[in-house]
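Accompanying notes for the structure given below.
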Amino acid sequence: MSAIQRTLKIRPDETRLVLWMTALSFVGMAGLAIGQSGANALFFDRIGTDALPLMYLAQGTTAFVFMMGLAALLGRVDRRRAYLAIPAGLCGVVVAERLALLTDGRWIFPVLWLTVALAVLLQNVFVWGTAGVVTDTRRAKRLFPLFAAGEILGSVVGGLITDPLVRVIGTENLLLVWAAALAISVALCRVVLSAAGTLARPRVRKARRPTSSPWRDLTVAFGYLRRSRLLVWMTLAAVLFSVLFFSLYLPWATAATERFPDADDLAGFFGLFWAAMTGAAFLVSVLVTNRLFARFGIATMMLVLPLLYVGSFGILLVSAGFVTLVVLRFVDGVWLQGVASPAWETLTNVIPDARRDQVRTFLNGGPAQAGTVIAGIIALVGQDVLSSRQFAAIGLATAAITVFVTWRVRASYASALVDALREGRPEVFPEVAVAGVPFAFAPDAQALDSLLVAMDDDRSSVRRLSVQLLADADDPRATTALERALRDADPSVRAQALDALASAPGRVDAERLLPLLEDPD
């Protein structure tokens with residue numbers, strides 16, 4: 001076993017899987033970064049940023065309908081074939097759109113914009129769907145961060161090579177590079193899936209009964225959501241975060257288009273900006289994010305994002321120049337990708353596993369798209385009657401409301417953790433791997449606080465589960481709580497505490513354990 005394999009915790013029989021799967025995530029995201037820069041540059045150059053409010057409306061509506069249709073399709077076909085068909089079909093669409101550019105019809109540019117928006121969703125579906133097929137839950141904790149690192153690296157490389165490619169082949173032909181990346185993704189996806197029979201247990205899907213549908217799943221998720229304080233506040237937060245994102249994107253895109261009136265220059269700028277922002281977010285996520293989660297808590301770090309938006313729109317009230325907008329969107333984007341998005345994914349882990357996918361589909365397909373539509377309506381209605389400062393004032397007010405809503409998310413998350421303990425769901429607390437995130441989440445500060453509080457619960461089963469989970473917590477407070485549990489009234493809790501302390505050599509002095517030899521049980 002090589003040093004690299006030992007460092008990355010890759011077993012010898014997993015080497016080929018990791019290489020091909022990482023290559024798939026790298027190529028897919030590199031192509032998307034290149035295609036997105038080209039498509040956006042062409043749209044802004046030929047149509048202009050004044051059309052963005054209408055595109056927001058179209059994007060939100062189309063994405064919602066598309067996600068529901070995709071959910072219905074994936075529920076009724078062999079997923080492996082679907083994961084091959086998605087990049088193949090998207091490749092055909094991109095090639096057709098490149099040919100349509102030869103006609104000089106203006107209709108193709110809004111279609112390109114919507115294609116990119118939907119491609120972001122499809123990229124996540126076929127790449128991480130494939131990863132889910134060939135890895136089980138145990139492997140995912142070790143391998144998902146590697147796949148995510150490949151995806152991030154692909155995004156950075158794709159952004160960096162966009163400008164040199166534009167100088168050689170032109171902005172329109174970036175679509176052909178994207179199509180080539182999708183074609184390679186099909187081949188890589190086939191290779192990866194062919195390994196599923198040897199490196200993971202094949203998943204045999206039973207035919208789903210016609211009583212199940214994405215609309216029924218959405219209704220079930222909505223019913224569950226109404227009974228959860230956390231999910232109610234997360235729904236509001238999803239709407240508001242989407243409004244804030246697109247409200248800041250509009251002036252940024254307008255300023256960039258004015259600074260780079262040529263489509264080739266604009267595409268090169270988009271590529272470099274995306275590469276710099278994604279690279280910085282990657283460094284933040286690897287070096288800082290988990291430490292922030294452990295020190296301050298996941299939900300608290302979510303609260304920083306609306307505060308950044310408050311600062312951003314406050315600054316835009318005074319100055320809205322190109323450099324200012326670039327810096328603001330860079331800072332907000334780095335925090336969004338490197339900290340807030342991983343935190344958001346972790347918040348949904350408190351949802352019971354049977355409801356988790358339904359709720360995630362609802363949040364991504366409903367509130368997030370509704371926020372896009374709202375941002376479009378605000379921009380469309382105020383396009384001729386509001387100044388840039390008045391737009392900034394609306395953004396500032398929205399950000400202030402989002403701060404309050406996110407604060408309520410934080411409070412509700414703490415209650416949800418306690419409820420998870422009382423329901424006997426320990427999977428909320430151990431380290432978990434999330435698609436697209438280059439590290440496994442360690443228990444955060446709020447989770448640790450919840451475990452410490454639960455040590456005084458009236459029910460011995462809750463105290464015993466808390467002791468079991470505190471065994472892996474590297475914190476002096478956890479050790480103190482475990483030592484106190486050695487004197488618990490319930491013998492099973494005392495035994496669990498003894499096992500937890502003894503599992504880590506040097507965690508407690510032997511002298512403190514000797515009196516347990518005289519325990520009456």
Is [Y] close to [X] at the side-chain level, that is, under 4.5 Å between some pair of heavy atoms?
X      : Y      : value
Trp407 : Val403 : no
Thr171 : Asp45  : no
Val27  : Leu188 : yes
Trp274 : Asn40  : no
Leu244 : Leu248 : no
Leu42  : Leu112 : yes
Leu24  : Phe147 : no
Trp233 : Val409 : yes

Any idea how Trp252 and Phe273 line up, ring-wise: parallel (<30°), tilted (30 to 60°), or perpendicular (>60°)?
tilted
Does the plane of the ring in Phe269 sit parallel, tilted or perpendicular to the ring in Phe260? Use 30° and 60° as the thresholds.
parallel
Sorted by chain and number, sequence neighbours left out, salt bridge (charged side-chain N to carboxylate O under 4.0 Å, His left out) with Glu97 holds for none
Run the salt bridge (charged side-chain N to carboxylate O under 4.0 Å, His left out) test against Arg167 and tell me which residues pass, sequence neighbours left out.
Asp163, Asp265
Examine distances only and state if a side-chain atom of [X] and a backbone atom of [Y] form a donor-acceptor pair shorter than 3.5 Å.
X      : Y      : result
Ser242 : Thr372 : yes
Ser25  : Ala148 : no
Thr235 : Leu231 : yes

Rounded to the nearest 0.5 Å, what's the gap from [atom1] on [X] to [atom2] on [Y]? Could you check?
X      : Y      : atom1 : atom2 : result
Asn173 : Leu165 : CG    : CG    : 10.0 Å
Ser341 : Leu336 : OG    : CG    : 4.0 Å
Arg190 : Arg80  : CZ    : CZ    : 12.5 Å
Phe296 : Arg410 : CZ    : CZ    : 11.0 Å
Glu151 : Trp128 : CD    : CH2   : 5.5 Å
Ile86  : Cys91  : CD1   : SG    : 14.0 Å

Identify the heavy atoms of [X] and [Y] that sit nearest to each other, and give their distance.
X      : Y      : answer
Ala281 : Val334 : CB-O, 3.8 Å
Arg98  : Glu172 : CD-O, 3.2 Å
Tyr249 : Arg329 : CD1-NH2, 3.5 Å
Val94  : Leu175 : CG1-O, 3.2 Å
Val385 : Gln390 : O-OE1, 3.7 Å
Ser247 : Ala375 : OG-CB, 4.3 Å

Please report the C-alpha distance between Met234 and Tyr413 in whole Å, then the side-chain angles of each, then the deciding distance to 0.1 Å, and finally whether the side-chain contact (heavy atoms from CB on, under 4.5 Å) criterion is met.
CA-CA 10 Å; Met234 286 185 69; Tyr413 177 61; over 6 Å; no
Please assess Val116 against Trp178 for the test side-chain contact (heavy atoms from CB on, under 4.5 Å), listing each intermediate value before the final yes or no.
CA-CA 11 Å; Val116 168; Trp178 183 18; 4.1 Å; yes
Show the numbers, then the answer: is there a side-chain contact (heavy atoms from CB on, under 4.5 Å) between Arg81 and Leu84?
CA-CA 5 Å; Arg81 293 183 179 180; Leu84 288 170; 5.8 Å; no
Can Phe43 and Thr49 be said to form a side-chain contact (heavy atoms from CB on, under 4.5 Å), step by step?
CA-CA 8 Å; Phe43 178 84; Thr49 56; over 6 Å; no
Quick note, side chain to side chain donor-acceptor pair (under 3.5 Å) partners involving residues 54-64, not counting sequence neighbours, are Gln59-Trp113
